[in-house]
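Please read the structure below before turning to the comments.
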Amino acid sequence: MTPKHFKRYLVTSALPYANGPLHLGHLAGVYVPSDIYVRYLRQRGREVISICGSDEHGVPITLKARNEGISPQEVVNRYHELNKKAFRDFGISFDIYSRTSNRIHYETASEIFKTLYDKDVFVEKTSEQYYDEEAATFLADRYITGTCPHCGNPGAYGDQCEQCGTSLSPTDLINPVSTISGSQPVLKETRHWYLPLDRYEPWLRQWILEQHREWKPNVYGQCKSWLDQGLQPRAVSRDLDWGIPVPVENSEGKVLYVWFDAPIGYISATKELTPDWEKYWKDKETRLVHFIGKDNIVFHCIIFPTILKAEGSYILPDNVPANEFLNLENDKISTSRNWAVWLHEYLEDFPGKQDVLRYVLCANAPENKDNDFTWKDFQSRNNNELVAILGNFVNRTIVLTHKYFDGIVPEITALTGQDKAVLEEISTIASGVEQSLELFRFREAVQKAMDLARLGNKYLAETEPWKVIKTDAERVRTILNISLQITANLTLLLDPFLPFSMEKLRGFIQFEGRSWELIGTPDLLKAGHMLGKASLLFEKIEDEQIQAQLDKLMKNRTENGETEQLPAPKEEITFDDFTRMDLRSGTILEAEKVPKTKKLIKMVVDLGFEQRTIVSGIAEYYEAETLPGKKVTVLANLTPRTIRGIESKGMILLSENPEGTLHFVEPSAEAKNGAAIN
RNA sequence: GGCGAGGUAGCUCAGGUGGUUAGAGCGCAUGAUUCAUAAUCAUGAGGUCGGGAGUUCAAGUCUCCCUCUCGCUACCA
């Protein structure tokens with residue numbers, strides 16, 4: 001639990017995927033916590049490096065490139081630079097921000113693959129996958145479209161139908177079409193290498209479930225869930241032309257699967273940073289910590305450690321403080337719906353306020369469960385905490401010092417019991433912050449750190465220097481000296497959280513100290529020291545600014561919202577096509593939920609000429625008991641299909657709203673059972 | 001359906017190994033104060049700790065059942 005036995009720290013932050021810009025969810029979940037952590041460690045003088053970079057391989061990038069008519073490299077170049085700049089702008093202090101399209105990464109990933117290959121770690125398997133004969137290439141799932149077997153959407157992708165949300169495999173699609181050439185793909189055998197996670201399961205159980213019980217509950221639980229469900233071998237290669245070529249013979253057209261090479265990017269980046277990289281990756285006295293979001297838990301807790309373990313010479317992560325997700329104004333952040341706050345846009349609207357966002361995201365970080373970011377909360381934390389508590393204390397201290405002592409730190413004349421208690425309290429607060437940080441409890445840490453500013457305000461309120469000055473100027477010297485010491489200590493204590501503001505504050509008081517170990521020192525500022533020029537540390541955020549952000553979000557929502565969610569018009573058909581469908585009016589006689597399913601209801605429907613058993617996935621929208629007597633439209637000549645052991649003869653027609661709710665298409669009351677619909 | 005994570009004051013959250021009147025911040029009310037960006041300080045009101053049963057001298061904290069939210073997974077128009 002206590003990290004004392006570690007000599008040095010290797011901190012990694014999830015490599016952002018280089019096919020889009022960063023939003024505040026990324027910052028809150030991964031980069032703000034990791035940056036606070038490494039800044040704190042540096043300040044303590046610990047040996048630490050912070051590693052990050054762009055993850056630049058994988059199918060989505062090739063798709064984006066294809067859509068825009070540019071090369072994958074151009075896509076990743078664009079977002080690598082954009083995201084690198086966003087991190088820099090927000091003071092995320094990586095020691096290196098690398099990228100997985102670098103040569104050194106190709107070498108590192110290839111080497112590790114080779115090592116595992118030579119050790120016979122992989123299993124080779126042949127399977128059938130779609131192949132585009134015109135383009136002479138295997139097709140990734142996303143490159144295949146076809147008709148969804150479930151909802152009939154003709155534009156479903158090979159991995160998922162975006163209309164009904166079902167996840168698919170390419171062979172499920174009806175009439176599959178290659179999006180590359182438009183031709184009909186054929187199934188062809190292909191050979192791939194698999195990482196046999198199942199063989200490492202006993203070891204993983206031991207290592208995680210026994211030896212890392214201290215991991216956060218959400219992380220530990222997620223791992224347990226995966227382990228209990230049983231691990232399967234996972235393909236480490238793919239047929240694709242964008243990525244790291246599989247470094248063995250007879251592997252033309254095959255690259256490493258992006259999940260295999262991405263985490264190795266941490267290693268390559270370390271190599272790029274320092275020739276001394278091995279002491280970080282191979283010395284047991286290094287503490288490896290991965291900061292990630294919850295979507296990455298399986299890769300960092302199960303797959304990557306398995307790779308490292310199989311390789312044999314690397315250390316394993318000591319902790320993986322994964323955060324949950326941040327919602328935005330009560331809704332999931334969504335890139336495709338443009339429901340997000342983009343980092344570069346934030347800085348345009350709130351220039352110079354990166355610390356405000358860092359603060360709010362830390363204080364409200366989704367550490368244990370999904371959390372909600374609202375602009376109103378952003379405003380109130382800024383106005384009530386940063387401005388009113390921290391900024392205000394600093395300001396009143398500096399203003400009083402200028403007013404009474406011309407900006408020169410006055411000397412201590414005599415210490416009262418209260419003065420001593422306040423000075424001692426500084427160290428107590430600091431050690432509380434330390435404890436929280438060591439346990440990755442960042443929201444608690446920042447809360448505790450702010451207590452020092454609260455203490456300062458309380459001290460001023462109780463000692464009332466503005467009153468005492470009229471009767472006892474000597475006493476005021478001590479009071480302001482102590483207030484200034486608190487201010488100087490604040491610059492140290494809050495620096496990991498608010499680096500820009502503390503830099504500014506150091507300028508206000510002309511203080512140079514940086515070391516964490518100085519915290520608690522009662523004379524950081526010597527008597528006679530001249531303060532610098534000061535201004536306001538934080539400013540209020542007005543309602544109009546908040547409303548503008550809300551309006552911007554709502555505008556985006558209506559623009560790419562509901563209308564685009566409606567399915568695209570289908571291609572024209574003939575009357576003949578239509579008449580092939582035998583649509584009938586019917587009435588539900590019986591209905592019961594199919595046991596052990598979430599969505600299925602089994603119904604008996606009266607079609608006049610006969611009674612049919614039909615299974616339908618509507619249990620999430622209708623109670624079985626309410627259904628008997630309901631009139632429905634039935635597609636009567638659909639090929640029967642056995643679902644959960646029940647033969648379903650026909651299909652009940654339902655309308656589906658953009659948000660996914662289902663509603664019966666009901667014939668009017670006069671329609672008799674079995675009446676044809678045409 | 002299976003697995004996992006959650007459901008604690010109006011809001012956001014803390015609550016090692018069960019033990020006196022369940023905590024913090026914000027919000028709210030009242031009072032004090034004016035050095036300060038009408039900021040600050042003090043006091044107070046507010047909780048059947050999702051519901052039920054059980055173990056125990058004693059449960060927010062352990063066991064079981066139920067319920068709601070989120071994630072993964074299965075099944076599925």
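Every chain is numbered from 1 and lettered A, B, ... according to where its sequence line falls, protein lines coming before strand lines. The analysis underlying the following values was restricted to heavy atoms, covering all of them including side chains, and did not include hydrogens, waters or symmetry mates.
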Nearest to the A:A461 side chain among B:rU12, B:rU40, B:rG4, which nucleotide is it? B:rU40
Nearest to the A:N364 side chain among B:rU37, B:rU12, B:rA39, which nucleotide is it? B:rU12
Against the side chain of A:K458, the closest entry in B:rC41, B:rA36, B:rA77 is B:rC41
Does B:rG71 pair with anything, Watson-Crick or G-U wobble, both distances under 3.5 Å, and if so, with which nucleotide? B:rC3
Walk me through whether A:E367 and A:R443 qualify under salt bridge (Lys or Arg N to Asp or Glu O under 4.0 Å). CA-CA 8 Å; A:E367 275 175 14; A:R443 41 192 306 160; 5.0 Å; no
Could you tell me the separation between the CD1 atom of A:I297 and the P atom of B:rA5, rounded to a whole number of Å? 11 Å
salt_bridge(A:D451, A:R454) N-O dist < 4.0 Å: yes
A:E385 near the nucleic acid: base, sugar-phosphate alone, or nothing, with a heavy-atom cut-off under 4.0 Å? sugar-phosphate
Looking for any heavy atom pair under 4.0 Å, which part of the strands does A:F538 touch: base, sugar-phosphate only, or nothing? base
Spacing between A:F442 atom CZ and B:rA14 atom P, to the nearest angstrom: 15 Å
Using Watson-Crick or G-U wobble geometry with both distances below 3.5 Å, tell me the partner of B:rG10, or none. B:rC26
Measuring centre to centre across the rings, with the benzene-like ring taken for any Trp, is A:W339 within less than 6.0 Å of A:F373? no
The test is side-chain contact (heavy atoms from CB on, under 4.5 Å); show your working for A:F393 and A:T487 and say whether it passes. CA-CA 8 Å; A:F393 167 69; A:T487 305; 3.5 Å; yes
Would you classify A:D228 as touching base, sugar-phosphate or nothing, given that sugar-phosphate means primed atoms plus P, OP1 and OP2, and contacts are heavy atoms under 4.0 Å? nothing
Write down the distance between CG (A:L460) and P (B:rU40), rounded to a whole number of angstrom. 13 Å
Tell me the interatomic distance from A:Q379, atom CD, to B:rC26, atom C1', rounded to whole angstroms. 13 Å
For B:rG10, decide between syn and anti, treating a glycosidic angle within 90° of 0 as syn. anti
Both A:K470 and A:D370 contact RNA chain B. Which one's nearest nucleotide lies toward the 5' end? A:K470
Provide the distance between the two C1' atoms, one in B:rC49 and one in B:rA9, to the nearest whole Å. 10 Å
Looking across every strand, which nucleic acid part, if any, lies under 4.0 Å from A:K332 by heavy atom: base, sugar-phosphate, or nothing? sugar-phosphate
Residue whose closest nucleotide on RNA chain B lies nearer the 5' end, A:S380 versus A:G650: A:S380
Give A:K540 one of three labels, base, sugar-phosphate or nothing, depending on what nucleic acid heavy atoms sit under 4.0 Å from its own. base
Which listed nucleotide (B:rU40, B:rU12, B:rG27) is nearest to the side chain of A:N384? B:rG27
Rounding to an integer number of angstrom, what distance separates B:rC3 and B:rA74 when you compare their C1' atoms? 11 Å
Report the distance from atom NZ of A:K403 to atom C1' of B:rU34, rounded to the nearest whole Å. 10 Å
Please state the C1' separation for the pair B:rU21 and B:rA29 - nearest whole angstrom. 22 Å
Would you measure the distance from the C1' atom in B:rG16 across to the matching atom in B:rG54 and give it in whole Å? 25 Å
Using OP1 and OP2 only, check whether a side-chain N or O of A:R396 sits under 4.0 Å from B:rC41. no
What interatomic distance, in whole Å, is found between C1' of B:rG46 and the corresponding atom of B:rG2? 41 Å
Rounding to an integer number of angstrom, what distance separates B:rC65 and B:rG4 when you compare their P atoms? 12 Å
Could you check whether the rings of A:F350 and A:W375 sit parallel, tilted or perpendicular, using 30° and 60° as the cut-offs? parallel
Taking pairing as Watson-Crick or G-U wobble with both contacts under 3.5 Å, can you name the mate of B:rG60, or confirm there isn't one? none
Identify which nucleotide among B:rG4, B:rA36, B:rC26 has an atom closest to any side-chain atom of A:N395, counting heavy atoms from C-beta outward. B:rA36
Is the distance from OP1 or OP2 of B:rG6 to the nearest side-chain N or O of A:N368 less than 4.0 Å? no
Name the nucleic acid region contacted by A:V399, choosing base, sugar-phosphate or nothing; use a 4.0 angstrom heavy-atom cut-off, strictly under. sugar-phosphate
Are the ring centres of A:Y359 and A:F497 closer than 6.0 Å? no
Under 4.0 angstrom, heavy atoms only, what part of the nucleic acid is A:P465 near: base, sugar-phosphate, or nothing? nothing
Could you let me know what B:rC49 is paired to, Watson-Crick or G-U wobble, both distances under 3.5 Å, or none if it's on its own? none
Pick the C1' atom in B:rA42 and in B:rU33, then give their distance to the nearest Å. 10 Å
Given that both distances must come in under 3.5 Å, which nucleotide forms a Watson-Crick or G-U wobble pair with B:rC76? none
Go ahead and name the base partner of B:rU40; Watson-Crick or wobble counts if both distances stay under 3.5 Å, otherwise write none. B:rA32
Report which part of the nucleic acid A:L537 touches: base, sugar-phosphate, or nothing (heavy-atom distance under 4.0 Å, all strands). base
Using atom C1' in both nucleotides, what's the gap between B:rA45 and B:rC64 to the nearest angstrom? 38 Å
Distance check: side-chain N/O of A:R213 vs OP1/OP2 of B:rG16, anything under 4.0 Å? no
Closest listed nucleotide, where the reference is the side chain of A:P217 and the choices are B:rU37, B:rC70, B:rA5: B:rA5
Protein-nucleotide distance (A:K216, atom NZ; B:rA14, atom P), rounded to Å: 10 Å
Of all heavy-atom pairs linking A:L553 and A:E329, the shortest is CD1-CG, 3.9 Å
Watson-Crick/G-U partner (both atom distances under 3.5 Å) of B:rG18: none
Give a yes/no on whether any side-chain N or O of A:K369 is located under 4.0 angstrom from OP1 or OP2 of B:rC70. no
Within this structure, what is the CH2-to-P distance between A:W466 and B:rA36, rounded to whole angstrom? 10 Å
Could you go through A:Q611 and A:V605, starting from their C-alpha distance and side-chain angles, then the distance that decides it, and tell me whether this counts as side-chain contact (heavy atoms from CB on, under 4.5 Å)? CA-CA 5 Å; A:Q611 296 182 356; A:V605 179; over 6 Å; no
May I have the distance from A:Y220 (atom OH) to B:rG71 (atom C1'), rounded to whole angstrom? 19 Å
Partner of A:E324 by salt bridge (Lys or Arg N to Asp or Glu O under 4.0 Å), out of A:K294, A:K369, A:K216: A:K294
Checking B:rC3, B:rA36, B:rC26 against the side chain of A:N392 (C-beta onward), the nearest is B:rA36
